[in-house]
Peer 1: 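This is the structure I have questions about; it appears just below.
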Amino acid sequence: MNDYTVHIVDDEEAVRKSLAFLLTMSGFTVRVHESATGFLAAAPTIRHGCLVTDLRMPDMSGVELLRSLKTADLQIPSIVLTGHGDVPMAVEAMKAGALDFIEKPFDEELLIAAVKRAAAQLTNTHEGLDDTLTIQARLEELTERERQVLSGVVAGLANKTIAYDLNISPRTVEVHRANVMAKMKAKSLPELVRMALNVRLDFD
C-alpha cells in the first residue's frame, strides 16, 4: 500500500484526523487537505494517488472538485463521502468521476474496501473491464419492467414518481426495486448507481 497516497479532503479538522487515523492504521500512506481548492492546486503534481473527499464543503463542493479534475484531465480515482446523501447526488458525483459514493456514518471496512478499489485503478487496467462484463451479464437477467424501474431509481426518482410514470403502484415499484438490487448483487443504492454508470447506461 505504500506505493500510492490517499488524499483526504474535508473542511472539518475532526473528520480529517479521524479518516487519516483510520486509513493510516490500515496501512495506507495518507495526506490531508483542508479545502477542495487547496487540493486542486496540488493535484497536477500528484502522480500516484487516490482521493477521498467530502461532498459538502464551503469553498467548493466535492462534485465541483471532481468536475474541475476532469476538466483539467487529471485522472485521480475518487471516493465521495457525505452525511446528506441521496441518489441524485450520487449520480452527480459519479458522473463527475467518483468511483464510489459512501454515506456517513459509514462502516470502516466499507471505506477501506472502496479505497482499495480506487487504488486498484492505478495499477490494474483489466479490473474495470472484468467488472463491466460482470455488470452487463447481471443486467441481462433483468426483466424489461425491472430495467425501467432501475432507470428511474438511478435517475434519482422517488418510488411514487416511478410508479406514476410506469402506471403501476408504489408497492409494485418497491418489489421490482428489491428484485433489481438482488439480481445486480448491489448492497446499497450508491453501489447500484456505480454499477449502472460503470457500463455507461444513459439514465438521463
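This chain uses plain numbering: 1 for the first residue, then up along the sequence.
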Peer 1: Side-chain donor-acceptor pair under 3.5 Å between Ser68 and Thr71, yes or no?
Peer 2: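 Note: Ser68 and Thr71 side chains miss the donor-acceptor criterion.
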
Peer 1: Can you find a pair of side-chain heavy atoms, one from Val32 and one from Val9, that are under 4.5 Å apart?
Peer 2: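 No, every pair of side-chain atoms sits at 4.5 Å or beyond.
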
Peer 1: Could I get the full list of side-chain hydrogen bond (donor to acceptor under 3.5 Å, both in side chains) partners for Arg171, not counting sequence neighbours?
Peer 2: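 If we apply the side-chain hydrogen bond (donor to acceptor under 3.5 Å, both in side chains) test to Arg171, skipping adjacent residues, the hits are Glu174.
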
Peer 1: Can Leu110 be reached from Phe28 by stepping across I, L, V, M, F, W or Y side chains whose heavy atoms are under 4.5 Å apart?
Peer 2: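 Linked, Phe28 and Leu110 end up in one cluster.
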
Peer 1: Is there a path of hydrophobic side-chain contacts, each under 4.5 Å between heavy atoms, that joins Val193 and Ile135?
Peer 2: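 Yes; tracing contacts between hydrophobic side chains, which count when under 4.5 Å, links both residues.
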
Peer 1: Can you tell me which residue among Arg145, Met184, Glu146 is in a side chain to side chain contact (heavy atoms under 4.5 Å, CB included) with Asn179?
Peer 2: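 Running side chain to side chain contact (heavy atoms under 4.5 Å, CB included) over Arg145, Met184, Glu146 with Asn179 returns exactly one hit, Glu146.
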
Peer 1: In a check of side chain to side chain contact (heavy atoms under 4.5 Å, CB included) between Leu40 and each of Glu64, His33, Met60, which one passes?
Peer 2: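 It is Met60, the one option of Glu64, His33, Met60 that forms the side chain to side chain contact (heavy atoms under 4.5 Å, CB included) with Leu40.
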
Peer 1: Side chains of Lys183 and Arg138, heavy atoms from C-beta outward: is any pair under 4.5 Å?
Peer 2: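 Answer no - side chains too far apart.
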
Peer 1: Side chains of residues 158-168: which donor-acceptor partners sit under 3.5 Å, not counting sequence neighbours?
Peer 2:
from	atom 1	to	atom 2	distance (Å)
Asn159	OD1	Arg177	NH1	2.9

Peer 1: Do you know which two heavy atoms are closest between Asp59 and Ala36, and how far apart they sit?
Peer 2: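 Taking every non-hydrogen atom into account, OD2-N, 3.4 Å.
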
Peer 1: Taking NZ, NE, NH1 and NH2 as the nitrogens, is one of them in Lys104 or Asp54 under 4.0 Å from a carboxylate oxygen of the other?
Peer 2: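 Judged by the 4.0 Å cut-off on N to carboxylate O distance, Lys104 and Asp54 do form a salt bridge.
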
Peer 1: Evaluate Glu141 against Arg147 for salt bridge (charged side-chain N to carboxylate O under 4.0 Å, His left out), listing each step before the verdict.
Peer 2: CA-CA 10 Å; Glu141 296 179 4; Arg147 287 179 66 91; over 6 Å; no

